[in-house]
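Below is one structure, written out as structure tokens; comments come after it.
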Amino acid sequence: MKKICYKKLDEDDILEILIEHFQDDELRGFSKACGCLLGKPGEDMRFIGVFSKSDDQIFDLDLEEIDKKIDYNGSHAFLKNHPEFNLDK
């Protein structure tokens, strides 16, 4: 008999996973972090994260304003902008 496990995560769990992923991987040494989820699932959902190595007041930043000012910078955005690196084609 196959075993099935269900997980239902709230926003805090999702944000914690995303923040810890970046801090464990490419942003080691960034001890302070905050983030938020914006948009609608299946349409324009996105994560905005801010990471700092110091005691900067990142928790006072307006993440919705930052969202308006920066472009996507994840690996999927890179591949969309540089199709020559996409190995699936």
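Sequential numbering from 1 along the given sequence is applied to the chain's residues.
Atom CZ of F51 is separated from atom CZ of R28 by 14.0 Å, given to the nearest 0.5 angstrom. Distance check: E64 CD to K69 NZ gives 13.0 Å after rounding to the nearest 0.5 Å. Remark: I58 CD1 to S52 OG distance equals 5.5 Å, nearest 0.5 Å.
Residue L38 is not grouped with residue F47 when hydrophobic side chains (ILVMFWY) are merged at heavy-atom distances under 4.5 angstrom, including chains of intermediate members. In the hydrophobic cluster analysis, where Ile, Leu, Val, Met, Phe, Trp and Tyr join through side-chain heavy atoms closer than 4.5 angstrom, I48 is grouped together with F59. Linking ILVMFWY side-chain heavy atoms closer than 4.5 Å, directly or via other members, places L61 and L27 in two distinct hydrophobic clusters.
Scanning for side-chain hydrogen bond (donor to acceptor under 3.5 Å, both in side chains) contacts around K8 gives an empty result, with sequence neighbours left out.
The pair D44-R46 counts as a salt bridge, with a side-chain nitrogen and a carboxylate oxygen less than 4.0 angstrom apart.
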Pair up each side-chain donor or acceptor in residues 9-23 with any protein partner under 3.5 Å, not counting sequence neighbours, and list the distances.
residue, atom, partner, partner atom, Å
D10, OD1, D12, N, 3.2
D10, OD1, D13, N, 2.9
Q23, NE2, F30, O, 2.7

